[in-house]
Amino acid sequence: MPYRATRRVEFADTDMAGIMHFSRFFTLMEEVEHEWLRSRGLSVIMTWQGIKVGWPRVSAACEFYRPVFFEDLLAIELSIERLGTKSITFAAAFYRGDECVARGQITTCCCRVNGPGDMTAMDIPNEIRDQLQAICVHTG
């Protein structure tokens, strides 16, 4: 079952036509991802068994179906489309009421943070994987 969060479109989110700027969809996807991870006791930067673990983005995409306007209330549904050995692909669906206005994806890779700007991909630890299963659609 997807994680669901709501956000109101603020004036600063819009362009001169009063339409939410496309870049804000990416920010909202990330905000909801962080919110869900925190609700599971996880974070995009965390320590696991003495190892600093990070989740850098390796891909992001969004398709827009309808314009979204200042003060619209959006529901964002987040699920894990794919949980791989080292990566996670999050899927986000944006709804205004019952209407889906956009769909997006973010793929992250589990990495050991060795130092500033130095990361090495690693398998997602089983303890973390168990926490991720809650909104997982496909494991592979």
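Salt-bridge annotation for E35 and R7: present, with a side-chain N of the basic residue lying under 4.0 Å from a carboxylate O of the acidic one.
Between W36 and I80 the shortest side-chain heavy-atom distance falls below 4.5 Å. The side-chain heavy atoms of C110 and W55, taken from C-beta on, include a pair separated by under 4.5 Å. Within the 4.5 Å cutoff, side-chain heavy atoms of M46 are placed close to those of I128. For the pair E77 and Y95, the minimum side-chain heavy-atom distance is below 4.5 Å. E30 is not listed as a side-chain neighbour of T108, based on a closest heavy-atom distance of 4.5 Å or more. In this structure, D72 and V101 have side chains that are not in contact, with every pair of non-hydrogen atoms separated by 4.5 Å or more. Proximity of L37 to L132: side-chain heavy atoms (C-beta onward) are separated by under 4.5 Å at one or more points. The shortest side-chain heavy-atom distance between I76 and F25 does not fall under the 4.5 Å cut-off.
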>> Checking V44 against E33 for the side-chain contact (heavy atoms from CB on, under 4.5 Å) test, could you report, in this order, the C-alpha distance in whole Å, the side-chain angles of both residues, the deciding distance, and whether it holds?
In response: CA-CA 9 Å; V44 292; E33 172 205 353; 3.7 Å; yes
> Checking side-chain contact (heavy atoms from CB on, under 4.5 Å) for the pair V68/D13: CA distance, chi angles, key distance, verdict?
Replying inline: CA-CA 10 Å; V68 175; D13 299 332; over 6 Å; no
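Between the side chain of R103 and the main chain of A93, no donor-acceptor pair closer than 3.5 Å is present.
Here the shortest heavy-atom pairing between F69 and V9 reads O-CB, 3.4 Å. Taking both residues in full, the closest heavy atoms of M29 and C62 are given as CE-CB, 4.4 Å, listed atom of the first, atom of the second, then distance. In terms of heavy atoms, E127 sits closest to Q49 at OE2-NE2, 4.1 Å.
Note: E31 CD to L78 CG = 12.5 Å, rounded to the nearest 0.5 Å. Going from atom CG of L74 over to atom CZ of R8 covers 9.5 Å, rounded to the nearest 0.5 Å. Atom CZ of F94 and atom CZ of R24 lie 10.0 Å apart (nearest 0.5 Å). If you take CG on D130 and CD1 on I124, they are separated by 11.5 Å, rounding to the nearest 0.5 Å. Atom CZ of R129 sits about 4.0 Å away from atom CG of L83, to the nearest 0.5 Å. If you take CD1 on I88 and CD1 on I106, they are separated by 11.0 Å, rounding to the nearest 0.5 Å.
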Show the atom names and distances, to 0.1 Å, of all donor-acceptor pairs under 3.5 Å that link a side chain in residues 113-121 to residues at least two apart or in another chain.
| unit_1 | atom_1 | unit_2 | atom_2 | d |
| --- | --- | --- | --- | --- |
| N114 | ND2 | T120 | OG1 | 2.8 |

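Shown are E63, R82, E81; of these, the side chain to side chain donor-acceptor pair (under 3.5 Å) with Q105 is made only by E81.
In the hydrophobic cluster analysis, where Ile, Leu, Val, Met, Phe, Trp and Tyr join through side-chain heavy atoms closer than 4.5 angstrom, L28 is grouped apart from F11. Residues L42 and I51 share a hydrophobic cluster, clusters being chains of Ile/Leu/Val/Met/Phe/Trp/Tyr side chains in contact below 4.5 Å. Side-chain heavy atoms closer than 4.5 Å link hydrophobic residues (I, L, V, M, F, W, Y) into clusters, and following such links, even through other members, never connects I19 to F64.
The 12-atom threshold is not exceeded at CZ of R112, counting heavy atoms of other residues, nucleotides or ligands nearer than 6.0 Å.
Side-chain atoms of E99 and Y65 include no donor-acceptor pair closer than 3.5 Å.
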